[in-house]
Amino acid sequence: MVTQIKPAPSSAASNARAWTRILAHYREPNSARSIFEIVITAGPFVLLWTVMWATLGAGYWLCLLLAVPTAGFLVRLFMIQHDCGHGSFFRHRLANDWVGRVIGVLTLTPYDFWRRTHARHHAASGNLDRRGMGDVDTLTVREYLALSRGRRIGYRLYRHPVVMFGFGPAYLFIMRHRLPVGLMRSDWQPWLSTMATNAAIALLVAMMMSLVGVGPFLRVHLPITLLAASIGVWLFYVQHQFEHTFWAQDRSWNLHEAALHGSSHYDLPGVLRWFTANIGVHHVHHLCSHVPYYRVNQVLRDHPELGAIGRLTLRKSIECVRLVLWDESQRRLISFSEMHCRWDVTPARRALQEGCARRRIYTLWAGSWMGRFSMTLSTMPKSLAISAVRSVSRVPLQGVLDLLQRMAGMPHVNLDGPIVDQCATAAGTESCGRWFFVAKNLKQRHRGGLP
């Protein structure tokens with residue numbers, strides 16, 4: 001029987017430390033339930049794998065179709081391994097560790113190595129000064145603008161959906177997990193965990209290939225592994241890469257706030273929630289990682305107010321793919337297009353003054369046709385400027401102003417605002433004065449004041 005202790009309604013969504021104390025009452029695992037969860041997950045996985053092999057002669061498309069639920073059970077096995085890594089699946093650490101190690105052979109994940117890197121993820125999630133271990137690499141807007149052109153392209157490729165959820169998961173589980181990347185110089189334990197897992201994987205693969213054949217084994221197991229890897233990476237991505245997640249510098253970072261507001265509640269349909277072992281209720285998991293996944297539903301029933309915090313639906317989660325940069329001024333993740341709209345010049349120039357790629361960024365801007373056009377507008381004689389203004393009568397004028405302002409780096413001009421007041425706040429240079437003259441004539445033409 002769990003004692004229900006609820007905070008005051010006014011602090012229900014903000015007092016993260018209080019939620020941690022509340023969730024501690026759900027930490028106790030049930031050994032019988034844990035064993036049952038293993039049976040109903042591993043049993044169907046083995047059965048479906050066998051059926052896939054048996055149907056190879058009937059047509060490969062049927063085999064591939066069966067790979068979807070089989071991959072779902074493999075994902076669920078990984079979630080059991082995940083709970084074992086947190087010491088939450090069984091009461092005794094020895095039971096957790098050995099169940100996790102055995103499952104790690106099936107999931108291609110060295111258990112002890114992964115447990116250490118995942119613990120670092122929990123200890124530093126949302127901390128801008130402690131990124132890099134067990135996270136999806138995320139740059140701030142200012143960091144991205146400071147990169148060279150080649151490294152920007154590299155970051156864009158890394159965050160592309162085809163790489164992030166296609167090639168990336170395959171590389172992570174099949175190749176990268178074969179070495180203790182990130183802990184290679186720490187001590188012997190990561191190496192022992194990784195090499196022992198590799199040896200067990202090699203032994204299991206050799207046995208299966210001798211039983212069913214090399215070709216059939218690869219045709220059955222490779223689609224399962226690739227699909228399960230992509231699902232796993234997708235789940236991890238959505239758990240922290242949503243618009244209003246939590247990132248902060250170390251001086252203002254708080255573990256409990258990062259857990260509550262930096263982790264999502266991925267509100268999946270019931271079947272998907274079962275296959276993913278409630279890992280979508282990730283803010284609860286980060287607040288108290290010792291709660292077994294089969295008790296998370298009880299947490300939400302007892303404390304429904306937690307369900308509204310960081311909630312993402314299946315449809316809403318798809319939109320998270322475009323969010324790639326942390327905007328420190330707005331405290332939210334933004335897309336590349338949003339970054340270009342808001343930061344393309346002024347923040348870039350601010351970064352340039354700090355010594356970041358000044359010549360390269362200026363050349364890219366000045367070499368574009370819009371850069372040359374906006375520079376010309378800001379320096380040409382007034383009579384020619386009027387002619388240029390008259391030539392854009394059919395274009396949405398506020399959009400033209402905003403675009404030229406971003407390209408030329410001039411202060412923002414609002415068609416509905418007083419030009420004199422806006423010009424009084426400008427730098428007062430001749431080019432800035434001419435820029436405002438262009439803006440003024442655009443405004444007059446917009447209101448019918450120019451012929």
Side-chain angles (χ1 to χ4, degrees), residues 14-17 19-20 23 82 85-88 109-147 151-152 154-155 158-159 164 168 172 176-177 179-187 189-191 193-194 232-266 279 282-290 309-310 320 323-334 339 351 354 356:
S14 61
N15 195 342
R17 190 178 297 273
W19 279 119
T20 303
L23 296 176
H82 169 265
H86 286 289
S88 62
T109 305
Y111 170 78
D112 296 280
F113 161 69
W114 173 86
R115 183 182 62 181
R116 291 181 63 174
T117 59
H118 191 65
R120 292 191 181 185
H121 160 70
H122 271 258
S125 179
N127 191 321
L128 288 171
D129 295 322
R130 297 172 63 189
R131 286 168 288 174
M133 181 63 74
D135 298 318
V136 175
D137 291 346
T138 306
L139 297 179
T140 66
V141 173
R142 193 175 302 278
E143 289 169 341
Y144 175 80
L145 292 174
L147 294 178
R151 295 186 67 183
R152 288 191 192 185
Y155 183 73
Y158 168 76
R159 299 291 300 220
M164 181 64 68
L172 176 65
R176 186 170 179 177
H177 279 175
L179 290 172
V181 178
L183 296 176
M184 297 180 71
R185 297 183 180 182
S186 57
D187 53 51
Q189 288 184 338
W191 283 97
S193 171
T194 305
V233 170
W234 168 256
L235 289 171
F236 185 77
Y237 181 92
V238 173
Q239 288 159 9
H240 299 284
Q241 299 286 314
F242 56 101
E243 183 175 5
H244 296 289
T245 186
F246 180 93
W247 285 95
Q249 300 292 340
D250 190 59
R251 61 182 179 274
S252 56
W253 178 83
N254 178 275
L255 176 64
H256 305 291
E257 286 294 319
L260 182 61
H261 299 293
S263 306
S264 67
H265 171 203
Y266 196 17
I279 196 64
H282 210 61
H283 59 326
V284 170
H285 171 65
H286 265 256
L287 281 168
C288 188
S289 60
H290 288 280
I309 301 176
C320 295
L323 304 176
V324 292
L325 294 167
W326 177 251
D327 188 337
E328 293 181 277
S329 62
Q330 297 188 86
R331 299 190 60 78
R332 67 183 184 94
L333 283 175
I334 64 173
M339 183 271 296
E354 298 171 0
C356 303

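A quick note: this is a predicted structure, and the numbers were derived from the prediction, not measured. Quick note: numbers below take in every heavy atom, side chains included, and nothing from hydrogens, waters or symmetry partners.
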Worksheet item: Could you state the interatomic distance from CD (Gln239) to OH (Tyr237), rounded to the nearest 0.5 Å?
Response: 12.5 Å
Fill in: Ser264 and His282 side chains, donor-acceptor separation under 3.5 Å
no
Practice prompt. Spell out, as yes or no, whether a donor-acceptor pair under 3.5 Å connects the side chain of Ser263 to the backbone of Leu260.
Written response: no
Discussion item. Nearest 0.5 angstrom please: Asp112 CG to Thr194 OG1, how far?
Written reply: 9.0 Å
Worksheet item: Taking atom types as modelled, is there a side-chain donor on His285 or His82 under 3.5 Å from an acceptor on the other?
Response: yes
Worksheet item: When rounded to the nearest 0.5 angstrom, what distance separates OG1 in Thr140 from CE in Met339?
Response: 11.0 Å
Worksheet item: Is any side-chain heavy atom of Leu145 closer than 4.5 Å to a side-chain heavy atom of Arg152?
Response: yes
Worksheet item: Would His121 and Asp135 count as having a side-chain donor-acceptor pair, cut-off 3.5 Å?
Response: yes
Discussion item. Quick test of your reading of the model: are Arg131 and Glu143 salt-bridged, counting only N-O distances below 4.0 Å?
Written reply: yes
Worksheet item: Taking the six-membered ring for Trp, are Tyr155 and Tyr144 parallel (under 30°), tilted (30 to 60°) or perpendicular (over 60°)?
Response: tilted
Discussion item. Are Met164 and Val136 packed together at the side-chain level, in the sense that at least one heavy-atom pair is separated by less than 4.5 angstrom?
Written reply: yes
Worksheet item: So which heavy atom on Val238 is nearest to which on Phe242, and how close?
Response: O-CD2, 3.9 Å
Discussion item. Test side chain to side chain contact (heavy atoms under 4.5 Å, CB included) on Leu235 and Tyr266; report intermediate values, then the result.
Written reply: CA-CA 9 Å; Leu235 289 171; Tyr266 196 17; 4.1 Å; yes
Worksheet entry | Nearest heavy-atom neighbours spanning Gln241 and Cys320 | O-CB, 3.3 Å
Discussion item. Using side-chain heavy atoms (C-beta onward) and a distance below 4.5 Å, is Val141 in contact with Trp326?
Written reply: no
Worksheet item: Is there a side-chain contact between Gln189 and Arg116 (heavy atoms, below 4.5 Å)?
Response: yes
Practice prompt. Please report the C-alpha distance between Leu147 and Leu139 in whole Å, then the side-chain angles of each, then the deciding distance to 0.1 Å, and finally whether the side chain to side chain contact (heavy atoms under 4.5 Å, CB included) criterion is met.
Written response: CA-CA 10 Å; Leu147 294 178; Leu139 297 179; 3.6 Å; yes
Worksheet, complete the sentence: For Gly262 and His240 the tightest heavy-atom approach is O-ND1, 3.1 Å
Worksheet entry | Student check: side-chain heavy atoms of Leu23 and His290 closer than 4.5 Å | no
Response to the item:
Shortest non-hydrogen pair, Trp191 vs Met184, comes out as NE1-O, 2.9 Å
Worksheet item: Can you name the nearest heavy-atom pair linking Thr20 to Leu287, along with the distance?
Response: CG2-O, 3.5 Å
Discussion item. With rounding to the nearest 0.5 angstrom, report the CG to CD distance, Asn15 to Glu257.
Written reply: 8.0 Å
Practice prompt. To the nearest 0.5 Å, tell me how far Ile309 CD1 sits from Trp19 CH2.
Written response: 6.5 Å
Discussion item. Ring centres under 6.0 Å, that's the criterion: do His118 and His86 meet it?
Written reply: yes
Worksheet item: Do Asp327 and Gln330 have side-chain atoms, one donor and one acceptor, less than 3.5 Å apart?
Response: yes
Worksheet entry | Side-chain heavy-atom pair Leu333, Leu325 within 4.5 angstrom cut-off | no
Worksheet item: Hey, what do you get for CZ (Arg17) to NE2 (His256), rounding to the nearest 0.5 Å?
Response: 3.5 Å
Fill in: Any donor-acceptor pair under 3.5 Å from Ser193 side chain to Phe113 backbone
yes
Practice prompt. Could you tell me which residues satisfy side-chain hydrogen bond (donor to acceptor under 3.5 Å, both in side chains) with Trp247, sequence neighbours excluded, listed by chain and number?
Written response: none
Item to complete: Go through the steps for Gln249 and Glu328 under the test side chain to side chain contact (heavy atoms under 4.5 Å, CB included), then give the verdict.
Response: CA-CA 10 Å; Gln249 300 292 340; Glu328 293 181 277; 3.1 Å; yes
Discussion item. If you apply the rule side chain to side chain contact (heavy atoms under 4.5 Å, CB included), what do you find for Asp250 with Arg130, and how did you get there?
Written reply: CA-CA 8 Å; Asp250 190 59; Arg130 297 172 63 189; 4.0 Å; yes
